[in-house]
Trainee: 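Below you'll find the structure I mean.
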Amino acid sequence: MAGIDQSKIRNFCIVAHIDHGKSTLADRIIEKTGLLTSREMQEQVLDNMDLERERGITIKAQAVRTVYRAKDGEEYIFNLIDTPGHVDFNYEVSRALAACDGAILVVDAAQGIEAQTLANVYLALDHDLEVFPVINKIDLPSAEPERVMEEIEDVIGLEAHDAPLISAKNGIGIEDVLEKVIEKIPAPSGSRDNPLQALIFDSLYDSYKGVIVFCRIMEGTVSKGTPIKMMATGAKAEVVEVGYFGAGQFIPCDELSAGMVGYITASIKNVKDTAVGDTVTNAEHPCEKPLPGYKKVNPMVYCGLYPADGSKYPDLRDALEKLQLNDASLFYEPETSVALGFGFRCGFLGLLHLEIIQERLEREYNLDLVTTAPGVIYKVHKTNGEVIDLTNPSNMPEPTEIEYMEEPVVNAEIMVTTEFIGSIMELCQERRGRYLGMEYMEETRALLKYELPLNEIIYDFFDALKSRSRGYASFDYDLKGYEQSELVKLDILINKEEVDALSFIVHKDSAYERGRKMCEKLKDEIPRHLFEIPIQAAVGGKIIARETVKAMRKDVLAKCYGGDITRKKKLLEKQKEGKKRMRQIGNVEIPQKAFMSVLKLDDRK
Amino acid sequence: MKKLGIYIHIPFCVRKCFYCDFLSAPSDEETRERYVKSLCREIKQEARAYEQYQVDTIFFGGGTPSLLTAEQIQRIMDTVRGNYSLQSGKEEPEITMEVNPGTVTFEKLCGYKKAGINRLSIGLQSVRDEELKALGRIHTFEEFKDTWNFARKAGFSNINVDLMSALPGQSVENWRESLEKAAALGPEHISAYSLIVEEGTLFFDWYEEKTVTDEAHPPLPDEDKEREMYKLTEEFLKQYGYHRYEISNYAKEGKECRHNRRYWQRENYAGFGLGAASMVENVRWSNTRNLQQYLEANRKEDRQVLSEKEQMEEFMFLGLRLTKGVSTQNFYRQFGKEIESVYGQVLTELMEEKLLLKTEEAEETRYFLSPYGTDVSNYCMAQFLLD
């Protein structure tokens, strides 16, 4: 590999708003550069997990190396780095971008610029990447490439009139894109003679090789036997193997040198040692400074995860342990709930991350889970001067011990067509948003800027946004910091007993509304018992809402004769079995799904 | 001699009622004749297993047994008589046949009587024609009355009438009317069921799956109304001399259905015909539900030897269907254990919840469901299933 000409390498990524065709274009590039025949192509080659394919999103960063024979007769090495496409993974995105020298901006010919288009493009420009646009989906009847080109020039200030007009889906214009990559994106710089300096943009745990570190070599070289050191975590190891990325496979090579993208294995046991954004250097001849931009990633959203079947607790622990091997941003610690028994308090980068982990636990590890309402980290300033990070509502101190509380706030940007501005502003108002301003993108579209409490957007904000704009609004956010807020703990009492797993923290102005909705929802979920069951919502011991599950009046099999006995017995067994799957709170049996149903309290139905 | 009941299933109907989940289907004359032949062959073939038994009840159920001709019933009865020992002496066996209005003439009923049938069970369900129509019944109340008159005239002195409450759009008053008109005729026995919407019926599609929501399908009465009808049934029929002896069954003194009672008391019965179930000496099995398989070979399946645990569970949940409940002495006789040693905790809990009551008479202690326990009998019965 030593003979590779740096000027023939292009390291780039594709940025786009969700559904504008990023992954499809990546697939076409891989196909066109001959790495795979179209027969071998599976949709979205870079999205490895079943979940990624199903949801059509990228969760982990991926990379692939292909060789392109250009029109000038030369062969170029393309390293395409596919970045995650969701705000939950913004930091990962920024590190993946830092590993590139340029980016292709994909814009939908019909929809034009969306919130994530802007956010991603600015992120790329912040990293000094060369960005060039391509207009995708030009074969759609509603495509307006001219309008979109103008929009790109007006709004982003990128030259767009020579943008390739393509249809990634139907393979139109892909060659133009490849030529543009060579023309527009600069070759990497850096010298193989400098000390090793490599940026980690992802890592993966493999049970045979240990951690596989995905990195971009900025300076120097690395090969088998190189003693390496992670500059932020301090972890040291000796390189076992280096290589580059085939499609879905790792191809070993002798050496990686400045400008190249590839992987390193070094019998590292834990992905925590190879944090995304960290700098790998030569332990004996270290570089002077680590690469800029490293950040320790902290979870933003917390919830309790419990096995539906209490005896599966060890299985859940093992599964979380395994998932964490591959996902340094997943946090968990044991906790117990009176209602749900033994489980874990888990921290996630965001709600999507939570959903992904939950789904993987259920699917890959065959676990039935009960999830408590997700919450954020609140800062509780106690009267004795102590400040605690509150991740579990049950741990909230007595109101008398609290001086004040703070909650995380985000800067949100919402892109919306002008007709829906009113309803989206209303939504933001309901969610305690502070209006920061509005910019018109063009006559029909505007970018709304709001400051929103994080706990107002982690539940169903995105759904509400979509439903109130008929799917047109797009949304992006950044954590701004903590602000003081009037927060209270809302408790739910079932038959006069507090159910800890249903408690959550809410702004005092929303408490009544939320309490009422919770009670209504629970009333539908809790089956009738032999006695009447009051369901109450309370704040600081004061009841603010109440519903009642009426006593059971009737539960009879009208007839049962000789031929029915086996069948009727099965029915009774089912009834008894159903009882077992319920959670006993006092003398009330609560079905598992009651705990889940309260997570989705849709505002408008 | 040990006692045996015989159940004979006739799986044919003019057409399927909307609420019915029994094994039945329309048929032609030729199929019915092949079926009768097959049935007689089965009755004959199985006889050897019952040499030590005396048959004291026979029940022709369906479907609609009265779709068979008198001659066919005669042939079946002759086969039973020729191969089994029937109870004789001062008490004659109870031989019941289900009859649907609109399928019998006076002559036909006389033929059934001659064949040996001594008890009829007539499916009326409602006295209101619009309710009958909503159920998918093929007859009117007038047609029922014809059948009733023919039956009495033919000499049947032991007749049950089936009624059904909690029908679509039915009011408590409507139900009272059905009870009143049926009781006024003075049948010896009345079965009064609450409509249960069973899976696999048209009603299930309409009411559970909610595929249709038009005026053709008025709503079902709610739980509270249904219970009101249930309470009314017992009080009302009492005035006419009927007492409740099972969740849905009412009879004049001494006219309880002996055959059905044996299911609840777990006495032996042999089932013949398509899909018929048998339980003899705690072994249960069924005939195939596939008509072709039955016609060719009377196939048996699902043989199950009931464990002591299963026997005790059934003893409880079937026995508690009866108003008089279960006898602790009887439990001890069957299982050699005190009922309290097995179910002590459940019995105590249910009594504390006032769902179960206990009586102690001279030689017998009995547990039985309270009125509220009857309302929520599934809940109570499920408690007796052992882990």
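Since this is a predicted model, take the numbers as computed values, not measurements.
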Trainee: Against chain B, label A:Lys574 side chain, backbone, both or neither, depending on which of its atoms sit under 4.5 Å from a heavy atom there.
Mentor: neither
Trainee: Counting heavy-atom pairs under 4.5 Å to chain A, which of B:Asn260, B:Ile196, B:Asn249, B:Leu195 comes out on top?
Mentor: B:Asn260
Trainee: With chain A as the partner, which of B:Arg262, B:Met381, B:Arg321 has the greatest number of non-hydrogen pairs under 4.5 Å?
Mentor: B:Arg321
Trainee: Please classify the contact between B:Leu385 and chain A as side chain, backbone, both or neither, with a heavy-atom cut-off of under 4.5 Å.
Mentor: both
Trainee: Does B:Glu301 pair with B:Arg303 as a salt bridge, N-O distance under 4.0 Å?
Mentor: no
Trainee: For the pair A:Arg546 and A:Glu520, find out whether any cationic side-chain nitrogen is under 4.0 Å from an anionic carboxylate oxygen.
Mentor: no
Trainee: What part of B:Ser377 is in contact with chain A, defined as an atom under 4.5 angstrom from a non-hydrogen atom: side chain, backbone, both or neither?
Mentor: both
Trainee: Heavy atoms only, distances under 4.5 angstrom: which of B:Phe22, B:Tyr7, B:Phe384 has the most pairs with chain A? Name it, please.
Mentor: B:Phe22
Trainee: By a 4.5 Å heavy-atom criterion (distance strictly below it), what part of B:Glu353 contacts chain A: side chain, backbone, both, or neither?
Mentor: side chain
Trainee: I'd like to know if B:Arg227 pairs up with B:Glu223 as an ion pair, taking the criterion as any Lys NZ or Arg NE/NH1/NH2 lying under 4.0 Å from an Asp or Glu carboxylate oxygen.
Mentor: no
Trainee: Determine the sole option in B:Trp264, B:Tyr263, B:Phe59 for which the ring pair (Phe, Tyr, Trp, His ring centres under 6.0 Å) test with B:Tyr269 is passed.
Mentor: B:Tyr263
Trainee: In the structure I gave you, are the side-chain heavy atoms of B:Ile95 and B:Thr57 within less than 4.5 Å of one another anywhere?
Mentor: no
Trainee: Do B:Val346 and B:Glu349 have side chains that approach each other closer than 4.5 Å (heavy atoms only, starting at C-beta)?
Mentor: no
Trainee: Checking an interface table here. Which of residues 527-536 of chain A come within a heavy-atom distance under 4.5 Å of chain B?
Mentor: A:Arg528, A:Leu530
Trainee: Measuring only between side-chain heavy atoms, which start at C-beta, is B:Phe368 closer than 4.5 Å to B:Thr323?
Mentor: no
Trainee: So, B:His9 and B:Tyr294: side-chain donor and acceptor under 3.5 Å apart, yes or no?
Mentor: no
Trainee: Mark yes when over 12 heavy atoms from residues, nucleotides or ligands other than A:Tyr512 sit less than 6.0 Å from its OH; otherwise mark no.
Mentor: no
Trainee: Is B:Arg266 close to B:Leu306 at the side-chain level, that is, under 4.5 Å between some pair of heavy atoms?
Mentor: yes
Trainee: Find the one option among B:Gln304, B:Glu226, B:Met279, B:Glu313 whose heavy-atom pairs under 4.5 Å with chain A are most numerous.
Mentor: B:Glu226
Trainee: Between A:Lys576, A:Lys559, A:Lys554, which residue shows the highest count of heavy-atom pairs closer than 4.5 Å to chain B?
Mentor: A:Lys554
Trainee: Between B:Arg284 and B:Glu314, does any NZ, NE, NH1 or NH2 come within less than 4.0 Å of an OD or OE carboxylate oxygen?
Mentor: yes
Trainee: Does a salt bridge link B:Lys225 with B:Glu228, judged by any charged N lying under 4.0 Å from a carboxylate O?
Mentor: no
Trainee: Could you tell me whether B:Asp56 and B:Lys3 have a side-chain N and a carboxylate O separated by less than 4.0 Å?
Mentor: no
Trainee: Using heavy atoms and a sub-4.5 Å threshold, report which of residues 332-339 of chain A line up against chain B, by residue number.
Mentor: none
Trainee: Could you go through B:Ile58 and B:Ile6, starting from their C-alpha distance and side-chain angles, then the distance that decides it, and tell me whether this counts as side-chain contact (heavy atoms from CB on, under 4.5 Å)?
Mentor: CA-CA 5 Å; B:Ile58 299 175; B:Ile6 289 180; 4.3 Å; yes
Trainee: I'd like to verify something: which residue of B:Asp302, B:Leu318, B:Leu355 has the highest number of heavy-atom pairs under 4.5 Å with chain A?
Mentor: B:Leu318
